[in-house]
Amino acid sequence: MNGLSAEEQRERLAELDPEAVAELEADDEGDDHDLPDLPNADAYDEIRMRAAPNPNGPWHIGHARMPAVIGTYAERYDGSFIVRFDDTDPETKRPDIDAYDAILDDVEYLGFEPADVIRASDRVETYYEYARDLIELEGAYTCTCPGEEFSELKNAGEACPHRDKNPETVLAEFEAMVDGEHEAGDIVLRVRTDIDHKNPALRDFVAFRMVDTPHPREEAADYRCWPMLDFQSGIDDQLTGVTHIIRGIDLQDSAKKQRFVYDYFGWAYPEVIHWGHVQVDAYDVALSTSTLKEKIAAGEYDGWDDPRVPTLKSLRRRGVRGEAIVNAMVELGTSTSDVDLPMSNIYAHNRELVDDETDRAFAVREGVRFDIAGGPDTAHPPLHPEHPDRGERTIPVGDAVFLEPEDVPEPGERVWLKGYGPFGREGDTLVYTDESIAVVRERGVPVVHWAPVEESVSLRLRTMDGDVACFAEPGVREYDPDALLQFERVGFARVDAHDDRETTCYFTHS
RNA sequence: GCUCUGGUGGUGUAGUCCGGCCAAUCAUAUCACCCUCUCACGGUGAUGACCAGGGUUCGAAUCCCUGCCGGAGCACCA
């Protein structure tokens, strides 16, 4: 057997023990991805998942987890996912009209395409239909108890007086809700679950309530009777063929509540996975859309793509590839405990994606000026050290250069200007010494990056810690906005804009 | 108070269902060395974990009990 190739061994094994081969192949498969298998995946013809954001602002980094994971699952199982905006609260969690498109942009940036995009606020009539059906099945009742009173009864495991109304009465009262004949707080429609269920969270929850504030979307502005998340989401998951739901641990009880509705209708509940919260390091601000919104409105940040802000728009502007974020998110898996995602992880994935194809350039931060004496007129460092075939840059040196303060040699010491040549410091002048590269290899002369004074480009490097004034080599102006560069010994940066005075780049990571 | 649900190196993850191949996998991180006209990339090595205590067993990260610590829900928010 040892004399055979792996292929032959496997064929041979197939004859002897087909099941063992299947197992081997399953193992091989397992090495290709980090995410665990979807529960009970074989039971479904097509895997269907959904991202159900509340459109209250552009996404922060944590939001990337949902599309990253369900998009990856969809690809792996040859299934699909939809984006469904759960925008059924026009007041407390009022949708931001711009957020719908902003979120879809973010999904695209991550590299995924939803099979469909729907908005709950377009589907209110549908929810009404199912509510009517549920009422007829005696699965829901209208209730005018003040919230606090009901809460007390519920905690005691006691039914309120409205629970036993007949369906005809309930239906009539519900139609009055639909017609907007009530005001917020006056009446709700409750699902009849189990009033003394041992878990108080599951007892007769609210399915519809009145909201006085019109929905910001014109198409939905006339509705006053709005479904609650647990009802709306449950109906939609069934209607859109969702087979697997992933959601946060804060919604752990949702499935249990929705099962009561599913049971009334005779539906099978989808598979469900709960995961914990994601926390990201490296930022001063919390991963919270509402907090970000406040601080941006207050002028503390320039906008949703300010480099100091933990949003996807910010990472995008900084030149981080969506794929890097996806890779990092997929590595987090789907565990129920809270997880910390270090930004260094996203950076490591990004570096892996971009390092090989990114041109190199020089940018000097807070440059110190030195005159140059001797040496060739131009320097020709390669565009990429590992790909000399891609060509080289041309930097006109002029008669002075900038060095970073940390790279300044002591008087009498030498320094190798990268891609240019060896110099010794005499006062404020760097004098060309015409030595070979051996001084670097054998004598340990430091190799530093530099920029010419005369033909330098003023460059503003926007970083998470604020803006840094730099001088860059002239070739930087040739790159179109959106290009990625690696400033040698500084780090990666995305070219953002050029104007008459300066070039702006966003720092990606080291 | 009631009800869920977790706890593997700094971080994430594999292993836990069906105890032994686990003196615990892989990645990232940090440090060192090598490579190098970058502090990038690449290579080598090091660091570093089964929440605690009992029990069952020839054998426990894995099963049982207790404790400790954490997260979540009990909204006319999502």
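Note on naming: letters A, B, ... go to the chains in the order of the sequence lines (proteins, then strands), and numbering restarts at 1 for each one.
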Students often get this wrong, so: under 4.0 angstrom with heavy atoms, is [X] touching a base, only sugar-phosphate, or nothing?
X	result
A:Lys418	base
A:Leu251	base
A:Thr358	nothing
A:Phe487	nothing
A:Ser254	nothing
A:Glu331	sugar-phosphate
A:Pro53	nothing
A:Cys145	base
A:Gly276	nothing
A:Val440	nothing
A:Asn199	base
A:Leu332	sugar-phosphate
A:Asp250	base

Whole-Å gap separating [atom2] ([N]) and [atom1] ([X]):
X	N	atom1	atom2	answer
A:Trp275	B:U13	CH2	P	12 Å
A:Glu152	B:A75	CD	P	12 Å
A:His349	B:U13	NE2	P	13 Å
A:Ile195	B:C74	CD1	C1'	12 Å
A:Phe362	B:A40	CZ	P	16 Å
A:Asp338	B:U11	CG	P	13 Å

Of all the nucleotides listed ([options]), which has the minimum atom distance to the side chain of [X]?
X	options	result
A:Val206	B:C76, B:A40, B:A78	B:C76
A:Arg441	B:C37, B:U3, B:G6	B:C37
A:Gln252	B:G71, B:C77, B:C74	B:G71
A:Lys256	B:C77, B:C4, B:C39	B:C4
A:Asn155	B:C39, B:A78, B:C74	B:C74
A:His277	B:C76, B:G71, B:C77	B:G71
A:Ile437	B:U28, B:C37, B:C77	B:C37
A:Val188	B:C76, B:C74, B:A29	B:C76

With hydrogens left out and only the distance checked, is there a donor-acceptor pair under 3.5 Å joining A:Arg360's side chain and the base of B:U38?
yes
Quiz question: going by heavy-atom distance under 3.5 Å, is there a donor-acceptor pair between the base of B:U38 and the side chain of A:Gln486?
yes
Any side-chain N or O of [X] below 4.0 angstrom from OP1/OP2 of [N]?
X	N	value
A:Lys154	B:A75	yes
A:Ser335	B:U13	yes
A:Thr336	B:A72	no
A:Arg203	B:C74	no
A:Arg351	B:C41	yes
A:Arg65	B:G12	no
A:Lys198	B:C4	yes

Using a 3.5 Å distance criterion without hydrogens, assess whether the side chain of A:Asp96 forms a donor-acceptor pair with backbone atoms of A:Asp98.
yes
Which value, in whole Å, describes the distance between the [atom1] atoms of nucleotides [N] and [M]?
N	M	atom1	value
B:G20	B:G73	P	37 Å
B:A78	B:G42	C1'	47 Å
B:G59	B:C4	C1'	35 Å
B:C17	B:A29	C1'	32 Å
B:A27	B:C21	C1'	23 Å
B:U25	B:G67	C1'	31 Å
B:G19	B:A52	P	22 Å
B:G45	B:G71	P	40 Å

Under 3.5 Å for both donor-acceptor distances, Watson-Crick or wobble: does [N] have a partner, and if so which one?
N	value
B:A40	none
B:U16	none
B:A29	B:U47
B:C4	B:G71

Is the ring pair [X]/[Y] parallel, tilted or perpendicular, if the boundaries are 30 and 60 degrees?
X	Y	value
A:Tyr223	A:Tyr128	perpendicular
A:Trp450	A:Phe362	tilted
A:Tyr262	A:Tyr269	perpendicular
A:Phe471	A:Phe402	parallel

Nearest heavy atom decides the nucleotide; on that basis, is A:Ser344 or A:Asp355 closer to the 5' end of RNA chain B?
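Whichever sits nearer the 5' end wins; that is A:Ser344.
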By nearest nucleotide on RNA chain B, pick out whichever of A:Asp340 and A:Glu406 is the more 5' one.
A:Asp340
Name of the residue among A:Val448, A:Val445, A:Val401, A:Leu430 meeting side chain to side chain contact (heavy atoms under 4.5 Å, CB included) with A:Phe423:
A:Leu430
Could you check A:Val320, A:Asp106, A:Asn345, A:Leu341 and say which one makes a side chain to side chain contact (heavy atoms under 4.5 Å, CB included) with A:Ile325?
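Exactly one pass, corresponding to A:Val320.
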Test item: A:Arg203 and A:Asp194 side chains (from C-beta on) under 4.5 Å apart, heavy atoms:
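No; the side chains remain at least 4.5 Å from each other.
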Can you check whether A:Leu315 reaches A:Met343 side chain to side chain, under 4.5 Å on heavy atoms?
yes
Inspect the contact between A:Asp230 and A:Lys257 and indicate whether a charged nitrogen and a carboxylate oxygen are less than 4.0 angstrom apart.
yes
